[in-house]
Amino acid sequence: MIDLKLAQKQSDILARALADRHSDIDVEEFFALDKRRRALLAEVEEMKSRRNAASGQVAALKREGGDIAPMQAELGVLSERIKTLDAETERAKSDVEAWLMRVPNIPDDTAPKGRDETENVEARRWGELRNFDFLPAEHGDIGTRLGGLDFERASRLSGSRFVCFRGWAARLERALVNFFLDQHAANGYVEINPPFIVNRAAMTGTGQLPKFEDDLFALRGRDQFLIPTAEVPLTNLYAGEVLEEESLPYACCAATPCFRAEAGAAGKDTRGIIRMHQFTKVEMVRFAHPDDSFNQLEIMCGHACRLLELLELPHRVISLCTGDMGFSSAKTYDVEVWLPAQKIYREISSCSNCTDFQARRANIRFKPRGGKAVFLHTLNGSGLPTGRAIAAILENGQQKDGGVRLPKVLIPYMNGLEFIEARQQP
RNA sequence: GGAGAGGUAGCGAAGCGGCCGUAACGCGCCCGACUCGAAAUCGGGUUACCGGUUAGUCCCGGUACGUGGGUUCGAAUCCCACCCUCUCCGCCA
């Protein structure tokens with residue numbers, strides 16, 4: 001949520017931000033709603049002030065044994081009017097609130113301006129693209145042929161967009177999780193194992209709700225949801241709290257399953273394991289001082305890229321333009337890994353600085369030395385999802401004979417296994 | 001799932017229809033006195049948010065006792081629902 005005061009007093013900034021995002025939200029609508037709210041508030045507060053004063057007089061009168069009946073009758077009428085007006089004020093207040101909740105975060109000045117993904121800006125590239133002397137296969141085919149990926153049985157079990165990892169592939173996923181977590185631990189992230197089911201307040205805190213309820217799996221009969229990313233439990237872990245300034249920057253990470261309904265993605269990425277209803281991801285979350293958060297974004301994005309370097313996977317970093325950024329983000333880097341079969345760079349990590357947008361919703365603050373508590377800045381980034389990492393490893397490491405060479409850094413995590421042999425049985 | 005207890009300032013806790021929410025009392029924290037300095041002691045201070053106003057963190061008003069409703073002229077206090085915590089029982093990895 002953006003700052004109410006910013007909307008009131010610096011509406012030019014807000015209007016420009018909405019224009020940059022190519023949003024159709026109208027700032028004029030806010031002024032009308034907020035004006036009405038303030039007018040009603042002033043009126044009802046004045047009436048309450050009268051009631052409070054009169055109430056004291058009733059108490060005094062009663063103590064002295066006087067007749068309070070006439071005042072009672074008069075105040076009864078006033079109280080009725082207050083009740084009505086109060087309800088109306090409450091509605092006006094939630095109208096303003098609802099408007100603010102629909103507004104996306106203000107993009108940072110360093111985020112490139114643009115309408116959609118075609119206007120994103122490449123920041124840097126890493127790695128040599130391998131020359132294949134054969135036609136590289138798609139990861140879904142490789143994984144299926146080698147017995148590691150079982151789409152058929154998984155869909156029989158659960159439906160489309162589910163996969164079952166088997167044998168070496170299951171082991172590879174576990175290896176990646178451990179490798180990622182070990183790297184993060186070395187970089188100072190606290191490892192967390194959070195709940196995978198969270199309530200509505202948590203989903204609202206990070207911005208999934210109220211706008212994107214269709215994208216979530218909801219539990220029947222309960223106001224709880226399966227997490228679409230560990231960003232939700234990790235960021236909301238400190239909801240409502242005031243942290244010490246010394247504890248910033250704070251960094252934590254978690255490996256969790258992620259559940260996404262993928263509504264509106266019908267027919268998109270139907271081959272392979274790029275877009276599943278359930279996947280495993282290691283997520284990085286950082287809490288930062290407002291003066292330091294964009295620096296922290298560079299650091300965190302660097303951590304994501306470093307993982308790909310260690311996995312010997314060519315990739316590039318894209319700075320998302322204002323029209324393509326997520327709802328809660330002020331600046332986002334997407335890291336894209338090279339998939340040689342389709343000959344495209346494919347998103348494997350998204351690192352965002354959400355500034356105080358989530359902190360305000362989730363009420364996460366820190367106390368500067370001798371000052372009042374203020375909202376801190378939250379950041380999150382994938383580091384990394386195992387499914388897309390496996391896809392990249394299979395496609396980039398595939399051999400002419402149909403086997404796959406694994407990245408060196410994973411060998412200890414694979415119990416010494418260097419190759420997945422073409423004829424290997426899982 | 002059943003029974004009981006509870007949720008009030010940073011923490012502990014009192015209040016159980018108006019004289020108590022700028023919230024008793026204790027701890028903590030801040031300032032001061034004493035001291036070479038410190039401890040101990042003594043004195044004073046210490047909630048947040050919203051609206052109006054302003055040069056202003058001053059002032060005026062409002063709101064908040066887990067959350068949401070209700071009763072009442074008036075609710076922390078009475079009633080209802082829900083959430084959470086603790087204890088015991090049941091069940092269970």
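Numbers restart at 1 for each chain; the letters A, B, ... are given by sequence-line order, proteins then strands.
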With rounding to the closest Å, how many angstrom separate the [atom1] atoms on [N] and [M]?
N	M	atom1	result
B/G62	B/G10	P	23 Å
B/G66	B/C86	C1'	15 Å
B/G45	B/C49	C1'	22 Å
B/A23	B/A76	P	15 Å
B/C73	B/A13	P	36 Å
B/A93	B/U67	C1'	33 Å
B/C25	B/C83	C1'	31 Å
B/U85	B/A75	P	30 Å

Legend entry - Close side-chain approach of A/Lys281 and A/Phe279, heavy atoms under 4.5 Å: yes
Just to verify, what does [X] make a ring pair (Phe, Tyr, Trp, His ring centres under 6.0 Å) with, not counting sequence neighbours?
X	answer
A/Phe180	none
A/Phe366	A/His289
A/Phe30	A/Trp99

Once you round it to whole Å, what is the distance between [atom2] of [N] and [atom1] of [X]?
X	N	atom1	atom2	result
A/Gln224	B/C83	CD	P	10 Å
A/Gln57	B/G74	CD	P	15 Å
A/Leu61	B/C19	CG	C1'	15 Å
A/Asp86	B/G74	CG	P	12 Å
A/Arg200	B/C84	CZ	P	15 Å
A/Leu33	B/C50	CG	C1'	17 Å
A/Leu40	B/G61	CG	P	22 Å
A/Lys48	B/A75	NZ	P	11 Å

Legend entry - Under 3.5 Å side-chain donor-acceptor pair for A/Thr110 and A/Lys331: yes
Legend entry - Nucleic acid contacts - residues 70-85 of chain A versus RNA chain B, non-hydrogen atoms under 4.0 Å: A/Gln72, A/Leu75, A/Gly76, A/Ser79, A/Lys83
Legend entry - RNA chain B-proximal residues of residues 231-249 of chain A, any heavy atom under 4.0 Å: none
Please tell me if [X] has a side-chain N or O lying less than 4.0 Å from either OP1 or OP2 of [N].
X	N	answer
A/Gln8	B/C50	no
A/Arg38	B/G52	yes
A/Asn52	B/U63	yes
A/Lys93	B/U63	no
A/Arg37	B/G51	yes

Legend entry - side-chain contact (heavy atoms from CB on, under 4.5 Å) partner of A/Ile2, the single match among A/Ile13, A/Thr355, A/Ile106: A/Ile106
Inset, instruction - Counting Watson-Crick and G-U wobble pairs whose two distances are both under 3.5 Å, find the runs of 3 or more in a row that involve RNA chain B. - result: B:1-7 with B:83-89, B:10-12 with B:25-27, B:28-33 with B:41-46, B:47-52 with B:59-64, B:66-70 with B:78-82
[X] has a side chain; which of [options] sits nearest to it?
X	options	value
A/Arg51	B/G18, B/G62, B/U63	B/U63
A/Leu4	B/G18, B/G51, B/G62	B/G51
A/Ser49	B/G62, B/C73, B/G51	B/G62

Legend entry - Centroid separation A/Tyr238 to A/Tyr250 less than 6.0 Å: yes
Inset, instruction - Could you walk me through whether A/Arg286 and A/Tyr189 pass the side-chain hydrogen bond (donor to acceptor under 3.5 Å, both in side chains) test, one step at a time? - result: CA-CA 9 Å; A/Arg286 298 178 84 86; A/Tyr189 291 82; 2.9 Å; yes
Salt bridge [X]-[Y], side-chain N to carboxylate O under 4.0 Å:
X	Y	value
A/Arg36	A/Asp95	no
A/Arg346	A/Asp334	no
A/Glu241	A/Arg365	no
A/Asp86	A/Lys48	yes

Legend entry - Steps toward side-chain hydrogen bond (donor to acceptor under 3.5 Å, both in side chains) verdict (A/Glu298, A/Tyr333): CA-CA 9 Å; A/Glu298 301 299 327; A/Tyr333 289 118; 2.6 Å; yes
Legend entry - Under-3.5 Å donor-acceptor pair between A/Lys62 side chain and B/G18 base: yes
Inset, instruction - Mind checking A/Ser55 for me? I need base, sugar-phosphate or nothing, with any heavy atom below 4.0 Å counting as a touch. - result: base
Legend entry - Spatial distance of atom CG (A/Leu394) from atom CD1 (A/Ile273) [nearest 0.5 Å]: 7.0 Å
Legend entry - Most 5' of A/Ala59 and A/Arg222 on RNA chain B, judged by nearest nucleotide: A/Arg222
Legend entry - Upstream residue (5' side of RNA chain B) when A/Arg50 and A/Ala373 are each assigned their closest nucleotide: A/Ala373
